[in-house]
Amino acid sequence: MQASSEFQELRRRFRAWTFPMTAAFLAWYLLYVVLSGWARDFMAIKVLGNINIALIFGLLQFVSTFWIAWAYARHMEKKLDPISDKLRHEVEEKAK
């Protein structure tokens, strides 16, 4: 099964979305950490009342995490689930 073209396509589609998204999120997180450590004056800028840039960036970490989870589920449902369902049915048929 692993040598089949459909399985290879499944792996390619998974990696084509997952690896870049993981790299982007890690870069975004690292930016937050670096700015928090070395750009304290910038992060301390008050935007609205006692809300500063650091707080906004911190909250955006949560927003981006939930967005990535939603986008991942949507991508998998559209691009990978049909292929994986087909492969699963083929394997189950051979196992009978």
Side-chain angles (χ1 to χ4, degrees):
M1 182 57 64
Q2 291 178 349
S4 72
S5 62
E6 290 171 325
F7 186 79
Q8 294 304 319
E9 178 65 16
L10 183 70
R11 289 180 58 185
R12 185 196 66 74
R13 288 184 185 191
F14 174 78
R15 290 176 177 170
W17 194 92
T18 306
F19 290 166
M21 189 59 69
T22 300
F25 180 77
L26 289 175
W28 160 239
Y29 177 73
L30 184 61
L31 174 69
Y32 174 67
V33 172
V34 168
L35 289 176
S36 294
W38 285 282
R40 291 181 168 266
D41 292 336
F42 171 71
M43 295 296 268
I45 295 172
K46 292 192 177 185
V47 177
L48 183 66
N50 287 330
I51 299 173
N52 60 17
I53 292 177
L55 181 61
I56 292 171
F57 271 36
L59 292 174
L60 286 174
Q61 290 292 318
F62 288 100
V63 171
S64 63
T65 300
F66 288 112
W67 178 82
I68 289 170
W70 172 81
Y72 175 80
R74 184 177 166 144
H75 173 75
M76 295 303 136
E77 183 180 328
K78 288 183 174 183
K79 303 287 184 176
L80 286 148
D81 286 352
I83 298 172
S84 62
D85 287 343
K86 182 179 180 207
L87 290 173
R88 187 186 77 232
H89 290 302
E90 288 177 11
V91 169
E92 287 173 350
E93 286 298 317
K94 288 180 183 179
K96 287 183 180 180

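Along the sequence shown, residues carry numbers from 1.
- In this structure, F42 and F57 have perpendicular ring planes: the angle between them is above 60°, well past the 30° mark.
- Using modelled atom types, no side-chain atom of T18 and backbone atom of R15 make a donor-acceptor pair closer than 3.5 Å.
- Note on V47: it clusters hydrophobically with L59, by side-chain heavy-atom contacts below 4.5 Å among ILVMFWY residues.
- Note: W70 and W67 have tilted aromatic rings, judged against thresholds of 30 and 60 degrees for the angle between ring planes.
- Side-chain heavy-atom separations under 4.5 angstrom define the hydrophobic clusters, and L26 shares its cluster with no other residue.
- Heavy-atom neighbours of N50 CG from other residues, nucleotides or ligands within 6.0 Å: at or below the threshold of 12.
- Across all non-hydrogen atoms, the minimal contact from I83 to R13 is CD1-NH1, 3.5 Å.
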* To do: Output, in order, the C-alpha distance, side-chain angles, deciding distance and verdict of side chain to side chain contact (heavy atoms under 4.5 Å, CB included) for K79 and F14.
  => CA-CA 9 Å; K79 303 287 184 176; F14 174 78; over 6 Å; no

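- By the rule that hydrophobic residues join a cluster once side-chain heavy atoms approach within less than 4.5 Å of another member, V91 and L10 end up as members of one cluster.
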* Passes side chain to side chain contact (heavy atoms under 4.5 Å, CB included), Q61 versus Y32? Steps please. -> CA-CA 9 Å; Q61 290 292 318; Y32 174 67; 3.6 Å; yes

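- Between R88 and E92 there is a salt bridge, with a side-chain nitrogen of the basic residue lying less than 4.0 Å from a carboxylate oxygen of the acidic one.
- Hydrophobic clustering, with ILVMFWY side chains joined whenever heavy atoms are under 4.5 angstrom apart, keeps L80 apart from F19.
- Ion pair K94/E90 not flagged as a salt bridge, since none of the NZ, NE, NH1 or NH2 atoms sits closer than 4.0 Å to an Asp/Glu carboxylate oxygen.
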* Go through the steps for W28 and L60 under the test side chain to side chain contact (heavy atoms under 4.5 Å, CB included), then give the verdict. => CA-CA 10 Å; W28 160 239; L60 286 174; 3.7 Å; yes

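- Classification of the H75-W17 ring pair by plane angle, with boundaries at 30° and 60°, yields parallel.
- One finds the CD atom of Q8 at 11.0 Å from the CZ atom of R12 (value rounded to the nearest 0.5 Å).
- Annotation: side chain of Q2 is not in contact with side chain of R11 (no heavy-atom distance under 4.5 Å).
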